[in-house]
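Here the structure comes first, spelled out in structure tokens, and everything after it is commentary.
Keep in mind that this is a model prediction, so the values were computed, not measured. Counting convention: from 1, in listed order, for ligands and their atoms alike. All values below come from the heavy atoms of this structure, side chains included, with hydrogens, waters and symmetry mates left out.
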Amino acid sequence: MLGRLDQIEREALAALEKARDQEALQAWKVKYLGRSAEIGAIMEGLRELPKEQRPAVGRRANEVKRALEAAYEARLEALRQAVVARSLEQERLDVTLPGRPLPRGRVHPANQTLRQILAIWAEMGFQVYRSREVETDAYNFELLNIPAHHPARDMWDTFYTTREGVLLRTHTSPGQIHVMRERAPEPLRVVLPGMCYRYEQITARSEIQFNQVEGLAIGSRITFADLKGTLIAFAKRMFGQQVRTRFRASHFPFTEPSAEMDVECFVCGGEGCSVCKRTGWLEILGCGMVHPVVLQNGGYDPARFSGFAFGMGPERITMLKHRIEDIRYFWANDLRFLEQF
Ligand code: FA5
């Protein structure tokens, strides 16, 4: 029996050497240490042995069992280590590799210009005031001195809603009335940025939606000289100290007198090119002294107050600055365009 135990030990240890994975190891354990393993049977059968053999066989059987259990634990641990080592090898990270660049979002070109414009006006003491995009006919037209059937309405092709007298604002000028009615009779200096809508033919220069930045200053002694000085100061900050400007007479029903301001073409420096249509000048805004009727509609007494107003289009200014030839790029969401800014 002792010989058989030696044999079992040798055979089991040799078999253990060959177990190369968890599954083989498990099968080995069942065979040599499991419930129906031979060593268990030997221990159970001790009682049937002659009395004088029992202690020696019992001791040896225990020895072999412990030896096999220890060998099993050692083998199990060795296999675990091998798995860890293999995964370390296979999943090795090279921390010195350069990272993969992630595409970075950026501010839309129209918003870049809008922010720049607002920052300049803020520096010059103008507050930002926002008003609604859905307006009434009264605010968009009537209160701005444009009665129904007035031919000046043709300047603003309008998106009307199904509700009588409710429309999408065609310019930011209705905001003038809102802010005046809120603040009168206090003096004020505000800019009113926002989206406007016009039922126009979409072309390279005209969209059906676009931003405007309106400006309004009201006080007791504001003159046309203040208007010119302020707008020239703006142009210098926006386009550079050396930029030349000029004012041309124009007409808006809500200002009197009215003008348009041009800046010297910064593409050709005034010599004439395709961007300025060979004139050397670029129109950037409409402006004028607030019409007395509008002052009155806003709650200011025109005998005591005067003011100036202006309206500019950031997309047109962006087009001029970056020589963008078609305004339709702005809302087309084409990344090839947007990524250039
Ligand atoms: C006006 O809308 C006046 N409310 C401006 C104003 C305000 C004058 C206060 C006097 C006092 P106008 O229609 O010219 O004016 O538009 C002003 C600017 O908006 C234009 O110079 C242009 O930059 C921009 N704009 C007008 N229509 C479009 C369009 N369809 N697409 C893109 N930009 C436009």
Thr113 side-chain N/O to Pro109 backbone N/O, donor-acceptor pair under 3.5 Å: yes
Side chain Arg198, main chain Thr170, donor-acceptor under 3.5 Å: yes
Pairs of donor and acceptor atoms involving the side chains of residues 330-337, under 3.5 Å and at least two apart or interchain, shall be tabulated with distances.
{"from": "Trp331", "atom 1": "NE1", "to": "Gln209", "atom 2": "O", "distance (Å)": "3.1"}
{"from": "Asp334", "atom 1": "OD1", "to": "Arg336", "atom 2": "N", "distance (Å)": "2.9"}
{"from": "Asp334", "atom 1": "OD1", "to": "Arg336", "atom 2": "NE", "distance (Å)": "3.2"}
{"from": "Asp334", "atom 1": "OD2", "to": "Arg336", "atom 2": "NE", "distance (Å)": "3.3"}
{"from": "Asp334", "atom 1": "OD2", "to": "Arg336", "atom 2": "NH2", "distance (Å)": "2.7"}

Candidate list Leu320, Thr245, Leu231, test side-chain contact (heavy atoms from CB on, under 4.5 Å), partner Ile284, passing option: Leu320
Polar side-chain atom of Thr223 near backbone of Ala225 as donor-acceptor pair, under 3.5 Å: yes
Of Glu11, Glu9, Arg4, the residue whose pairing with Gln7 passes side chain to side chain donor-acceptor pair (under 3.5 Å): Arg4
Those protein residues which place at least one heavy atom below 4.0 Å from ligand 1: Trp156, His171, Ser173, Gln176, Arg198, Glu200, Arg205, Ser206, Glu207, Phe210, Gln212, Glu214, Phe252, Phe254, Thr255, Glu283, Gly286, Cys287, Ala309, Phe310, Gly311, Gly313, Arg316, Ile327
